[in-house]
Visitor: 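Here it is: the structure, laid out below.
Proteins get letters first, then strands, A, B, ... in listed order; numbering begins at 1 in each. The figures here come from the full heavy-atom set of this structure, side chains too, leaving out hydrogens, waters and symmetry mates. Since the model is a prediction, treat every value here as computed from it, not as a measurement.
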There are 2 protein chains.
Amino acid sequence: MRSYGQLCALAKALDLVGDRWTLLIVRELLIRETCRYTDLRSGLPGIATNLLAERLDELVEAGLVSREAAPPPIATTVYRLTDRGRQLEPVVEALGRWGAPLLATATGKEAFLSHWLALPARLYVRDTTPKAPSVRVELRPGGEPITLETVGDGSVRTRIGATGHADATLEGPPQVVLHLLTRKVTLSAARKRGVRLHGDPKVLRRFGPKPAAQAPA
Amino acid sequence: MRSYGQLCALAKALDLVGDRWTLLIVRELLIRETCRYTDLRSGLPGIATNLLAERLDELVEAGLVSREAAPPPIATTVYRLTDRGRQLEPVVEALGRWGAPLLATATGKEAFLSHWLALPARLYVRDTTPKAPSVRVELRPGGEPITLETVGDGSVRTRIGATGHADATLEGPPQVVLHLLTRKVTLSAARKRGVRLHGDPKVLRRFGPKPAAQAPA
DNA sequence: CGGCATCCTCTTTGATACTG
DNA sequence: CAGTATCAAAGAGGATGCCG
């Protein structure tokens, strides 16, 4: 933890979360709420185990992550964001919005884990008709499915894993699935790019882009 | 430029701007619009000159910064953010908002340069009565003064350097000056913490906190 | 197996000196 | 002024070992 030693809010923030891997660890914790060490390691392909341990120590030390002994059925330690740590969500959201266009230049050699989809789905997708009955969509980007559920206030909830009764399921490349949910592409265009929809196509009307935050008028 | 190799917008963003010093270079360019190499180096106390050169190369390569030959009077190269680079402003703003509370724990040994104040002044301060005649306040945190000017649409503009006729000047510790402008402290409390006001105290009514961006309703 | 600690190699950083 | 060159120190990445 080297410090920039500058009296500047940005520099101070980077002193804590600017190290390599740190914000990606925060990403995993934002997705999963509680993580075991192994969940984190498998969610962060490429991280060295000693680095993960070191970063976790620093995050706990900085008060952004808590380390708790899990109740008996699990009998292991779980990691969780503190309130202060969860306040990094707008930072992760802003960086993700900025980085989204870069996904178009993917080489195809990148690692991909399906649960990563849960974060952009929560942050960038909204329910266009919150008063209508709740719907569930299962996303199957390959690997473990992600369940998307409208929650009644215009936002959507995401869960890792399949759901009992999905109103629709979407299979295909993750970026295209996201573009479909945020209406950046039409259904037919998405189909041409490898997306397959099962179930009622009308549920797609329920979803739209959640715009970037704006300064209040 | 080591890549995380993950198909994730956050990871892709960090591939480009996650290296040490990179976002602080962006900060300098957000503050100054155009910078010479020396402006950057002096605005980034602690950076090694080879690292600055290397980061600038990477930023130019990534299309976030442009390197231009300045017109004759200057006869040097100047650096400027591209549009894509300027789009990092929300990222810097989010990180700065998150990091602001950390300034309270400053040890007093940090470097401080007065022009750094120009960025939070622009990002976190608004004009509460934009229709009233424009006002100018000069901030003197020690070092070069910063001019704050209401611009008519509720936002404020900042300039490095003194102004001809200021409606008021504020001297004192930078954090306290910012807290005063965003109404986190009263004038009398600010005075106790070292702030001195010259000119018309009423102009302070013109300024208030610019709230964090919110999702539109 | 989960949760690290150690050891080793390689890369990046930081400090300083030097050049067109 | 705007960098490049050099070199020691710190950090990252990978493999493996240890302990409940």
Side-chain angles (χ1 to χ4, degrees), chain A residues 1-6 11 14-25 28-29 32 34-62 65-80 109-111, chain B residues 1-6 11 14-25 28-29 32 34-62 65-80 109-111:
Chain A
M1 261 214 302
R2 200 186 324 236
S3 168
Y4 289 108
Q6 297 185 359
L14 291 172
D15 281 346
L16 292 188
V17 299
D19 277 350
R20 197 164 163 74
W21 292 107
T22 302
L23 277 177
L24 294 184
I25 295 173
E28 289 300 306
L29 290 164
R32 283 189 196 273
T34 68
C35 290
R36 290 169 301 174
Y37 186 88
T38 334
D39 295 330
L40 290 169
R41 198 174 42 180
S42 62
L44 296 163
I47 198 172
T49 174
N50 57 347
L51 257 193
L52 176 54
E54 193 176 317
R55 291 290 179 270
L56 281 171
D57 279 347
E58 292 165 3
L59 284 167
V60 170
E61 174 72 16
V65 166
S66 69
R67 204 191 310 253
E68 306 162 21
I74 316 189
T76 179
T77 52
V78 296
Y79 295 89
R80 185 196 302 267
K109 276 190 272 190
E110 289 89 354
Chain B
M1 260 214 301
R2 201 188 322 239
S3 168
Y4 289 108
Q6 298 186 358
L14 291 173
D15 280 346
L16 291 188
V17 300
D19 278 349
R20 199 165 160 73
W21 292 107
T22 301
L23 277 177
L24 294 184
I25 295 174
E28 289 299 306
L29 289 164
R32 283 190 196 272
T34 67
C35 289
R36 290 170 300 175
Y37 187 88
T38 335
D39 295 331
L40 289 169
R41 199 175 41 183
S42 63
L44 296 163
I47 197 172
T49 174
N50 58 345
L51 256 194
L52 176 55
E54 193 177 316
R55 290 289 180 270
L56 282 171
D57 280 347
E58 292 165 2
L59 284 167
V60 170
E61 174 74 16
V65 166
S66 69
R67 202 191 310 254
E68 305 161 23
I74 316 188
T76 179
T77 52
V78 296
Y79 295 88
R80 185 196 302 267
K109 276 189 270 188
E110 290 89 354

Visitor: Separation of Leu59(A) atom CG from dC4(C) atom P, in whole Å?
Guide: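 Distance check: Leu59(A) CG to dC4(C) P gives 13 Å.
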
Visitor: Phosphate oxygens OP1/OP2 of dG13(D): is one of them under 4.0 Å from a side-chain N or O of Trp21(A)?
Guide: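 Answer yes for this pair, as a side-chain N or O of Trp21(A) is under 4.0 Å from OP1 or OP2.
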
Visitor: CD of Glu54(B) versus C1' of dT12(C): gap in Å, rounded?
Guide: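 Atom CD in Glu54(B) sits about 8 Å away from atom C1' in dT12(C).
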
Visitor: Is the shortest heavy-atom distance from the side chain of Leu40(B) to the side chain of Leu29(B) under 4.5 Å?
Guide: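 Side chain of Leu40(B) against side chain of Leu29(B), heavy atoms only: contact under 4.5 Å found.
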
Visitor: Can you figure out which of dG13(D), dT4(D), dA5(C) approaches the side chain of Ala53(A) most closely?
Guide: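 Nearest listed nucleotide: dA5(C).
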
Visitor: Is Arg55(B) close enough to dG3(D) that one of its side-chain N or O atoms is under 4.0 Å from OP1 or OP2 there?
Guide: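 Negative; the distance criterion is not met.
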
Visitor: Spell out, as yes or no, whether a donor-acceptor pair under 3.5 Å connects the side chain of Tyr37(A) to the backbone of Thr49(A).
Guide: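 Yes, Tyr37(A) side chain to Thr49(A) backbone: donor-acceptor pair under 3.5 Å.
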
Visitor: Go through dC4(C), dA15(C), dA17(C) for me and flag the one nearest to the Asn50(B) side chain.
Guide: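 Selected nucleotide: dA15(C).
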
Visitor: Between the base of dG3(D) and the side chain of Thr49(B), is there a donor and acceptor pair under 3.5 angstrom?
Guide: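 Side chain to base: pair found, below 3.5 Å.
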
Visitor: Leu51(B) has a side chain; which of dA12(D), dT13(C), dC4(C) sits nearest to it?
Guide: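 Of the candidates, dT13(C) comes closest.
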
Visitor: Identify which nucleotide among dC4(C), dG3(D), dA12(D) has an atom closest to any side-chain atom of Tyr79(A), counting heavy atoms from C-beta outward.
Guide: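 Closest nucleotide among those given: dC4(C).
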
Visitor: Just how far, in rounded Å, is P of dG2(C) from CG of Leu44(A)?
Guide: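 It is 15 Å, rounded to the nearest whole Å.
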
Visitor: Rounded to the nearest 0.5 Å, what's the gap from CG on Leu52(B) to CG on Asp57(B)? Could you check?
Guide: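 CG of Asp57(B) is found 9.5 Å from CG of Leu52(B).
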
Visitor: Whole angstroms only, please: what is the CG-C1' distance between Asp57(A) and dC4(C)?
Guide: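 Taking CG of Asp57(A) and C1' of dC4(C), I get 9 Å after rounding.
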
Visitor: Would you mind reading off the distance between Tyr37(B) atom OH and dT4(D) atom P, rounded to a whole angstrom?
Guide: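 Tyr37(B) atom OH is separated from dT4(D) atom P by 7 Å.
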
Visitor: Check this one for me: any side-chain N or O of Arg36(A) less than 4.0 Å away from OP1 or OP2 of dC1(C)?
Guide: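 The answer is no; no side-chain N or O of Arg36(A) sits under 4.0 Å from OP1 or OP2.
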
Visitor: Hey, could you give me the CG/CD distance between Leu56(B) and Glu61(B), rounded to the nearest 0.5 Å?
Guide: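 So the gap between those two atoms works out to 13.0 Å.
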
Visitor: Using a cut-off of 4.0 Å on non-hydrogen atoms, how would the nucleic acid contact of Thr38(B) be classed: base, sugar-phosphate, or nothing?
Guide: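 Sugar-phosphate only.
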
Visitor: Given atom CD1 of Ile25(B) and atom P of dT13(C), what is their separation to the nearest angstrom?
Guide: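 For the pair Ile25(B) CD1 and dT13(C) P, the rounded distance is 11 Å.
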
Visitor: Taking only the side-chain nitrogens and oxygens of Arg20(A), find out if one of them lies under 4.0 Å from OP1 or OP2 of dG13(D).
Guide: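 Yes.
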
Visitor: On DNA chain C, nearest-nucleotide positions of Ala48(B) versus Leu56(A): which is more 5'?
Guide: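 Result: Leu56(A).
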
Visitor: From C-beta outward on Arg2(A), which listed nucleotide comes closest to its side chain: dC4(C), dT13(C), dG3(D)?
Guide: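 In terms of side-chain proximity for Arg2(A), the closest of dC4(C), dT13(C), dG3(D) is dT13(C).
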
Visitor: Any chance you could measure Arg20(B), atom CZ, to Tyr4(A), atom OH, to the nearest 0.5 Å?
Guide: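 Between atom CZ of Arg20(B) and atom OH of Tyr4(A) there are 4.5 Å.
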
Visitor: Output the rounded distance in Å from CD1 (Ile47(A)) to P (dG14(D)).
Guide: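 Interatomic distance, CD1 of Ile47(A) to P of dG14(D): 11 Å.
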
Visitor: Please give, in whole Å, the distance from dG11(D) P to Leu52(A) CG?
Guide: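 Computing the Leu52(A):CG to dG11(D):P distance gives 17 Å.
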
